[in-house]
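In the text below, chain A, chain B and the rest are named by the order of the sequence lines, each starting its count at 1. Keep in mind that this is a model prediction, so the values were computed, not measured.
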There are 2 protein chains.
Amino acid sequence: MPTIKDVAKAAGCSTATVSRALASPEKVTEATRQRVARAIAEVGYAPNVAARNLRRAESRTIVTLLPDISNPFFSEIINGMEEVAHQAGYQLLVGDCERDPARAEAYFSLLPTNQADGIILLTSDIPHALVRRAVSRANAPLVMACEFFADIDLPTVAIDNYQAAAHAIDYLASLGHERIASVSGPVGNPICRERTRGYRDTLAARGLSGSARVVEGDFGFRSGYQQGLALLEGTDRPSAIFCHSDEMAIGVLKAARQLGIGVPEALSVVGFDNIGFSEYCEPELTTVSQPRHEIGQQAMRMLLSLLAGESVVRRQTLSTQLIVRKSTGRSAT
Amino acid sequence: MPTIKDVAKAAGCSTATVSRALASPEKVTEATRQRVARAIAEVGYAPNVAARNLRRAESRTIVTLLPDISNPFFSEIINGMEEVAHQAGYQLLVGDCERDPARAEAYFSLLPTNQADGIILLTSDIPHALVRRAVSRANAPLVMACEFFADIDLPTVAIDNYQAAAHAIDYLASLGHERIASVSGPVGNPICRERTRGYRDTLAARGLSGSARVVEGDFGFRSGYQQGLALLEGTDRPSAIFCHSDEMAIGVLKAARQLGIGVPEALSVVGFDNIGFSEYCEPELTTVSQPRHEIGQQAMRMLLSLLAGESVVRRQTLSTQLIVRKSTGRSAT
DNA sequence: CTGAAAGCGCTTACAG
DNA sequence: CTGAAAGCGCTTACAG
């Protein structure tokens, strides 16, 4: 590959001038700029990024950490991040943590070695010590999206999980449901706690506290299916189930089908996330939709601002939408 | 961050020795190795990767290009790649091309600038010129997984698409089906052509050529749904439909449901890929399963061998499995 | 086995 | 506005 020297020779100037023509064209005369441009085309020059990064002590790479890449919930968020990152000349490295602390640690270690300029966390399920260490320097290039830590204050882009859950439960109650159960994500997860708070408070406001019932899943199909079976086979069967993910809701749908319980006639089910699949399951799923693309975009913008030393709104709350489809209906009782 | 100089000072040796203790410990005495190790721990040293990359003219980064990150089919493949890559000290950069030639070009340009050491293609839907240019040097660090080009010979890890389709059609025919339609992926796609060949040849072998019917989808839910409607509303309705993806099969399921056509009583449906969802749709989907994790692993191993200058088996064919679930049954006619 | 030294390809403070 | 020169943090051929 030709280097900046070759360009300088072809343009009849110094390497410093070539570098400037590239990095800060305004510091160079129009004529020079053009000669350099022609020389670059002539020799087929492309800058060596490793050299540039070494010199500038940056990597132009952003890492995003997520708990499970196979969850389609994340893909649209990643697309949003990528869009903004590429526009700004950054690359996105997608890191799948898979609940493995070692993996998370490996990705965090990219920060001090200048292999990554910043991290966007899409999971709170990583060692807090890791985050604390990274956060200790002021203006640490860390942003949280969708999730948050109960005990570490990070710039965050998310929805109002409390409100979103409250809204879903209100809707179910307005349909006449009085026994509304919930399949939560991991109960240690702060956003699940928020949703469960919204769930409980809304039931209480409706005088339905007595029937509150929360079981724990892991966001995946299987856990929804299993908890759905447990809930529906037991005595005092709920007439509606609010799930913290679409996958779990679809698992519940399968459980109901297997038990011969009609949805929505005998059971209403609400999911969370509005993944593509939710329109194609049977029946089509009523669900809480988050603006995933926008969350990704905003999180990346926030991180880029941090990197630029700009001050940022530390908490951005985007709005959700309850999408009513076919899995919910009036209570039969 | 401390540099190699700080370590050298702390260990009482030269930077060259520190470097060697790290890169080729066998070139250094045991005592030196230990002093260096202690010094590294003492000063908290971590190598600057940009500097190392610049010096070594490599990036230790592999790019994988895929057509659509939101397709869950790819996640398990990516996991397989990541696993092998990390073990070998490489990073995986996941590039979503979204049918945009400019994106593909941007990722390919990482190669000559040493920002990436190799590329694994999970899509054939990119400008061939790009691939040709990259392939022109001998032992180009390019590997194809799942897909292939009709006109460019690249080291490949894939299944036998012809056989897999033939197997599925054989199974359907053995169930008594005589009108078997197919919802193909993009017809320009070589793997779809292979599957369609397998489909046609098998029908012919059974004397069923007359009823062959192939419509085109794009692998997504919606196209399966639309083509399903078209196929099922028309005259001479098929009694079985073979789809080139699970998402399309699930779309067909929805179309059948909407038209009141029972599956599998009145219609059998076979998908392709065995995505997680295929177990949770109604009815559970019979599908062709590919060893996705293994495909990812093998593709990465192949690329790493190429990078090491080793010779590789240029065509690795992994086996598929027909997973029979509830969406297929004996023909009613 | 070890060290001095050159050099990977850039960028930038300094001088003019 | 432009150039000479130093230096980012490593690695490695060369000598000893």
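- Salt bridge A:Arg315/A:Asp153: present, at least one basic N to carboxylate O contact under 4.0 Å.
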Go through B:Asn114 and B:Glu58 one step at a time and tell me if the side chain to side chain donor-acceptor pair (under 3.5 Å) criterion holds. CA-CA 6 Å; B:Asn114 278 332; B:Glu58 65 174 20; over 6 Å; no
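- In this structure, B:Gln316 and B:Met302 have side chains that are in contact, with non-hydrogen atoms separated by less than 4.5 Å.
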Find every protein N or O atom lying less than 3.5 Å from an N or O atom of nucleotides 9-13 of chain D, and list the pairs.
from, atom 1, to, atom 2, distance (Å)
D:dC10, OP1, B:Tyr45, OH, 2.8
D:dC10, OP1, B:Asn48, N, 3.1
D:dC10, OP2, B:Ile4, N, 2.7
D:dC10, O5', B:Tyr45, OH, 3.4
D:dT11, OP1, B:Arg52, NE, 2.7
D:dT11, OP1, B:Arg56, NH2, 3.3
D:dT11, OP2, B:Ser19, OG, 2.6
D:dT11, O2, B:Arg55, NH1, 2.3
D:dA13, N6, B:Arg20, NH1, 3.4

Dot-bracket for DNA chain C: what is it, with Watson-Crick or G-U pairs under 3.5 Å, [ ] where a pair crosses earlier ones, and | for a pair to another strand? |||.||||||||.|||
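- Across D:dC1 and D:dA5, the matching P atoms stand 23 Å from one another, rounded to whole Å.
- Side-chain contact between A:Cys146 and A:Gln290 is present, with at least one heavy-atom pair separated by less than 4.5 Å.
- Partner of A:Val94 under the side chain to side chain contact (heavy atoms under 4.5 Å, CB included) criterion, chosen from A:Leu65, A:Ile69, A:Ile62, A:Val63: A:Ile69.
- At a threshold of 4.5 Å between non-hydrogen side-chain atoms, the residues B:Tyr45 and B:Leu22 count as touching.
- Between B:Arg99 and B:Asp125 there is a salt bridge, with a side-chain nitrogen of the basic residue lying less than 4.0 Å from a carboxylate oxygen of the acidic one.
- Per the geometry, CZ belonging to B:Arg35 stands 14 Å off P belonging to C:dC1, to the nearest Å.
- Annotation: side chain of A:Phe74 is in contact with side chain of A:Leu122 (closest heavy-atom distance under 4.5 Å).
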